[in-house]
Amino acid sequence: MPELPEVETVRKTLTQMILGKTIDHVEVYYLPMISPHSLESFKNKLHHATLDAIDRIGKYLIFRFDTINLMVHLRMEGKFFLKPSDAPRTNHEHIIYHFTDGTSLRYDDVRKFGTHGLKHDKELHTTLPISKLGYEPSDSRLTKHVLKEKLKTDRAIKTALLDQTVILGLGNIYVDEVLFCAKINPTRKARRTSLAKCETLIECSRQVIDKAITLGGSSIRSYTDSLGVTGRFQNELKVHLKADELCELCQTPIRKIKVNGRGTYYCPTCQKR
DNA sequence: CCGAATTCCTGTTGGC
DNA sequence: TGCCAACAGGAATTCG
């Protein structure tokens, strides 16, 4: 499931591949995926638009055309592929952006959870969902004081850190790794996190996310980036998906539990409550 | 307002 | 081996 490092890898790859291309026409095969839901409006706004840049805000990809932005969230299994326009559509390609040069960008998503929405420049940052998002780990505005304030909730720390308004970009893989790094039990109440631990959490988030970006993200389950090249951070995971394996710091078997419905991996010795 | 539960979806997994 | 329920999960929505 793509999180910040995987989305950043996709962004870089796509930038190399399709920057400057102009859309000829768009095909949509699953209407609930797009917004606004008007198919004609969606197609018309992208007609003959030229791609100026691809940005990223948290896990959202922002394709910048003239004055309109295509905001894409990959959710669990969204992937892009670049193919010739006349290549046959495969089972799970739900949206095809055809370019004027005879190539096409295919959005492939087995579970149909991804979203593609159009927003004008002026609304992008002032409307949901972007308007509510918190700061990314790399953002200097994310201070221990800011985090401490956002952690004033009765939810478990893991649940709070998955909330994109608290800290931006962590998903189920990296939140487990960050909590292991910070030696915090995932079920601990968020509001019990000390100022010092808030600082540790920020440092660990930066460390984990930076390293994952450097390695091209993690390739677990079916995730591959848009070139089919696989990330290498899965080899660096300390706890996620490591149930019953021994903690590399203390040799205690890693435990798997559920925290608010999410599969959660942690070391019961290193991450005491 | 807050937090938990539900919902979306389908390929994979596990139990019998 | 085959069948089917349970499971995976980000975030919007609904519920209490």
- Message: Set out, in order, the CA-CA distance, both residues' side-chain angles and the distance that settles ring-ring contact (aromatic ring centres under 6.0 Å, His included) for A:F180 and A:Y265, then state yes or no.
- Response: CA-CA 9 Å; A:F180 175 75; A:Y265 301 81; over 10 Å; no
- Message: Just checking A:Y97 against A:Y107, ring centres under 6.0 Å apart?
- Response: no
- Query: Is the phosphate of C:dG10, meaning OP1 or OP2, less than 4.0 Å from a side-chain N or O of A:Q164?
  - Reply: no
- Query: Once you round it to whole Å, what is the distance between P of C:dG10 and OH of A:Y174?
  - Reply: 12 Å
- A:D154/A:K189 salt bridge by N-O under 4.0 Å criterion: no
- Query: Within the structure, does a side-chain N or O atom of A:T153 lie under 4.0 Å from either OP1 or OP2 of B:dC2?
  - Reply: no
- Message: Using a heavy-atom cut-off of 4.0 Å across all strands, would you classify A:D109 as base, sugar-phosphate, or nothing?
- Response: nothing
- Can you check the A:E3 CD to C:dA8 C1' distance for me, whole Å? 14 Å
- Task: Answer with base, sugar-phosphate or nothing: what part of the nucleic acid does A:K256 contact at a heavy-atom distance below 4.0 Å?
- Result: sugar-phosphate
- A:L4 CG to C:dG10 C1', in whole Å, measures 14 Å
- From C:dG9, B:dA4, C:dA8, pick the nucleotide closest to the side chain of A:M76? C:dG9
- Mark yes or no: A:R106 above the aromatic ring of A:F80, with NZ or CZ under 6.0 Å from the six-membered ring centre and no more than 45 degrees from the axis. no
- What nucleic acid atoms does A:N260 come within less than 4.0 Å of, heavy atoms only: base, sugar-phosphate, or nothing? sugar-phosphate
- Item | Nearest-angstrom distance from the residue atom NZ of A:K189 to C1' of B:dC2 | 12 Å
- Which part of the nucleic acid, if any, lies within reach of A:G261 when heavy atoms closer than 4.0 Å are counted: base, sugar-phosphate only, or nothing? nothing
- Note on the structure: When rounded to whole Å, the NZ to C1' distance for the pair A:K132 and B:dC1 reads 12 Å
- Message: Can you confirm whether the thiol sulfurs of A:C204 and A:C181 sit closer than 2.5 Å?
- Response: yes
- Sugar-phosphate means primed atoms, P, OP1 and OP2; the rest is base. With that split, encode nucleotides 6-12 of chain B 5' to 3' as B, S or - using protein heavy atoms under 4.0 Å. --BBBS-
- Query: Looking only at side-chain N and O atoms, does A:K152 come under 4.0 Å of OP1 or OP2 in B:dC2?
  - Reply: no
- Note on the structure: Atom NE2 of A:H73 and atom P of C:dA12 are separated, to the nearest Å, by 8 Å
- Message: I need the CD-P distance between A:E77 and C:dG9, as an integer number of Å.
- Response: 11 Å
- Item | Criterion salt bridge (Lys or Arg N to Asp or Glu O under 4.0 Å) on A:K211 and A:E236, from CA distance to verdict | CA-CA 9 Å; A:K211 187 168 185 183; A:E236 307 293 322; 3.0 Å; yes
- Parallel under 30°, tilted from 30 to 60°, perpendicular over 60°: which one fits the rings of A:H25 and A:H98? parallel
- Message: Using whole Å, what does the distance between atom P of nucleotide C:dA8 and atom CG of A:D176 come to?
- Response: 13 Å
